[in-house]
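Below is one structure, written out as structure tokens; comments come after it.
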Amino acid sequence: MDNENHESKIDVRIIVDGLDVAQLVSKAVNNIQLENDYNIIVSSIIPTVEVNIVKKVASGADILLIGGYGHDETFNILFNELKTDFNHIGLFDYNNIIVEDESIDFRLAEKEILNSIIKSTLSYSLNLINIHTLENKLMKVTHNYNNLLDDYNQLIKEQDVLTQENKELREDLDEVRSDFSAFKLRYDDIYSRDILEIFNLNDLWQDVFHQELNDEERVVIATNKFKPENIMVGQGFIAAESRQKAIEWLNIVRTALIFVDDNSEDLKKELSSNEESVPPEVNDDYEIPNNFENFWD
């Protein structure tokens with residue numbers, strides 16, 4: 001509890017140039033009752049102006065009072081060595097406590113100590129305001145920094161995702177390139193091959209002969225029987241090297257169909273007559289269809 005109370009009070013340390021002055025200052029401090037009346041404690045009275053010693057003892061003080069005859073050389077040296085952003089340094093002016101016979105007036109010493117501490121306390125309070133202002137700015141800067149850090153980390157994560165997606169896309173691209181190379185190698189000579197064009201059989205028949213194709217099946221059968229080179233017929237289409245080649249073949253098939261349809265009876269009679277006149281041994285040596293109509297079966 002004592003530590004908490006001590007931390008809540010203003011810590012003042014007084015630097016003087018000798019033990020005699022230190023004793024006087026100590027007595028004056030006790031008489032003033034700073035802690036009870038002003039919430040101020042004088043934690044140390046330092047009876048030396050040796051810089052290295054003073055720096056060790058004065059470290060951490062809120063207010064430092066340096067005894068001297070005005071802002072003399074000693075004051076300036078100690079000020080430059082001891083001043084920080086978190087303390088305030090004031091002057092305990094000996095000129096204000098010496099009377100005409102050059103002796104020290106005890107009552108004047110009490111008054112000078114109190115005035116010096118009050119002046120320094122006011123300056124220290126202003127310094128605290130500046131410190132709090134800086135702390136608030138620091139908090140805002142820290143908050144902004146944390147937000148930027150979060151944004152940066154998010155960007156890093158997004159970059160990792162994009163990097164992975166880019167890697168996958170590159171792998172897909174390499175695969176597509178490989179497939180394309182294989183396809184190109186496979187079909188590199190496609191323009192040097194004999195390619196068949198495909199035409200709608202019914203449309204082509206109607207364009208050429210100006211009539212409907214009523215017996216597509218017999219066209220297919222005839223094509224399959226004779227197997228003309230580079231001609232295929234089926235499923236309502238005809239494939240040929242060109243439209244002209246397809247038309248030429250359809251002309252042949254149509255002529256054959258007309259011939260068969262127009263002479264079917266005569267052909268049947270002729271085939272029957274030939275079957276009767278041929279000796280039995282000839283029938284055994286040669287296989288002749290029973291009739292021409294069997295061609296379409």
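Residues T84 and N87 approach most closely at N-OD1, 3.0 Å, considering heavy atoms. Of all heavy-atom pairs spanning A58 and L64, the tightest one is CB-CD2, 3.6 Å. Of all heavy-atom pairs spanning I97 and L108, the tightest one is CG2-O, 3.6 Å. The two residues T48 and V54 make their nearest non-hydrogen contact at O-CG2, 3.3 Å. T223 approaches P228 most closely through the heavy-atom pair O-CD, 3.4 Å. Of all heavy-atom pairs spanning S59 and R13, the tightest one is O-NH1, 2.9 Å.
The hydrophobic cluster containing V220 also contains V208, counting ILVMFWY residues as joined when their side-chain heavy atoms lie under 4.5 angstrom apart, directly or transitively. By the rule that hydrophobic residues join a cluster once side-chain heavy atoms approach within less than 4.5 Å of another member, V29 and V21 end up as members of one cluster. Linking ILVMFWY side-chain heavy atoms closer than 4.5 Å, directly or via other members, places I63 and L82 in two distinct hydrophobic clusters. Cluster annotation: V51 is not connected to I14 through the hydrophobic network of ILVMFWY side chains, with a link wherever side-chain heavy atoms come within less than 4.5 Å. Put simply, F226 and V219 are part of the same group of oily side chains (I, L, V, M, F, W, Y) that touch within less than 4.5 Å, one to the next.
Within a 6.0 Å sphere centred on CD of Q154, heavy atoms belonging to other residues, nucleotides or ligands number more than 12. Counting heavy atoms of neighbouring residues, nucleotides and ligands inside a 6.0 Å radius, atom CZ of F209 exceeds 12 of them.
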Begin with the C-alpha distance, continue with both residues' side-chain angles, and end with the deciding distance and a verdict on side-chain contact (heavy atoms from CB on, under 4.5 Å) for L204 and I247.
-> CA-CA 8 Å; L204 187 60; I247 292 173; 4.0 Å; yes
Report task. Go through the steps to decide whether W249 and I252 satisfy the test side-chain contact (heavy atoms from CB on, under 4.5 Å), and finish with yes or no. Result -> CA-CA 5 Å; W249 174 246; I252 294 172; 4.1 Å; yes
- request: Evaluate the side-chain contact (heavy atoms from CB on, under 4.5 Å) criterion for residues T74 and D17: first the C-alpha distance (whole Å), next the side-chain angles of each, then the deciding distance (0.1 Å), finally the verdict.
  value: CA-CA 10 Å; T74 300; D17 57 2; over 6 Å; no
Tell me, with the steps shown, if D72 and N76 meet side-chain contact (heavy atoms from CB on, under 4.5 Å). CA-CA 6 Å; D72 56 15; N76 292 330; over 6 Å; no
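Grouping Ile, Leu, Val, Met, Phe, Trp and Tyr residues whose side-chain heavy atoms lie under 4.5 Å apart, directly or via other members, places I198 in a hydrophobic cluster with F237.
With sequence neighbours left out, the side-chain contact (heavy atoms from CB on, under 4.5 Å) criterion links N202 to N200, L213, E216. Every side-chain hydrogen bond (donor to acceptor under 3.5 Å, both in side chains) that N96 has, sequence neighbours left out, goes to E112. Among residues two or more places apart in sequence or in another chain, the salt bridge (charged side-chain N to carboxylate O under 4.0 Å, His left out) test is passed with D20 by none. Residues satisfying the salt bridge (charged side-chain N to carboxylate O under 4.0 Å, His left out) criterion with D215, sequence neighbours excluded, are R218. For E197, there are no side-chain hydrogen bond (donor to acceptor under 3.5 Å, both in side chains) partners at least two apart in sequence or on another chain. E168 is linked by a side-chain hydrogen bond (donor to acceptor under 3.5 Å, both in side chains) to Q164, counting only residues two or more places apart in sequence or in another chain. Under the side-chain hydrogen bond (donor to acceptor under 3.5 Å, both in side chains) criterion, E212 pairs with Q206, sequence neighbours left out. Considering only residues two or more places apart in sequence or on other chains, K55 meets the salt bridge (charged side-chain N to carboxylate O under 4.0 Å, His left out) condition with E81. Evaluation of the salt bridge (charged side-chain N to carboxylate O under 4.0 Å, His left out) rule for R107 yields E110 as partners, not counting sequence neighbours.
No donor-acceptor pair closer than 3.5 Å links the side chain of N166 to the backbone N or O of L162. Of the possible polar contacts, one joining the S181 side chain to the R177 backbone as a donor-acceptor pair under 3.5 Å is found. Side-chain N or O atoms of S26 include none that pairs as donor or acceptor with a backbone N or O of A22 at under 3.5 Å. Remark: the backbone N or O of E241 is not paired with any side-chain donor or acceptor of N230 at under 3.5 angstrom. Listed for the K227 side chain is a donor-acceptor partner under 3.5 Å among the backbone atoms of N224.
The distance from atom CG of L250 to atom OG1 of T255, rounded to the nearest 0.5 Å, is 10.5 Å. Note that CD1 of I113 and CD1 of I117 are 6.5 Å apart. Values are rounded to the nearest 0.5 Å. Note that CG of L65 is 10.5 Å distant from CD1 of I46, once rounded to the nearest 0.5 Å. For the atom pair CG (N39) and CD1 (I41), the distance works out to 9.0 Å, reported to the nearest 0.5 Å. If you take CZ on F199 and CD1 on I238, they are separated by 8.5 Å, rounding to the nearest 0.5 Å. H143 NE2 to N146 CG: the interatomic distance, rounded to the nearest 0.5 Å, is 8.0 Å.
Under the 4.5 Å side-chain criterion, counting only non-hydrogen atoms from C-beta, I15 is not in contact with F92. The shortest distance between side-chain heavy atoms of E73 and I77 falls below 4.5 Å. Counting heavy atoms from C-beta on, the side chains of V12 and D62 never come closer than 4.5 Å.
A salt bridge (charged side-chain N to carboxylate O under 4.0 Å, His left out) check over residues 156-166, counting only residues at least two apart or in different chains, returns nothing. Under the ring-ring contact (aromatic ring centres under 6.0 Å, His included) criterion, the residue pairs touching residues 44-73 are Y69-Y94, H71-F75, with sequence neighbours excluded.
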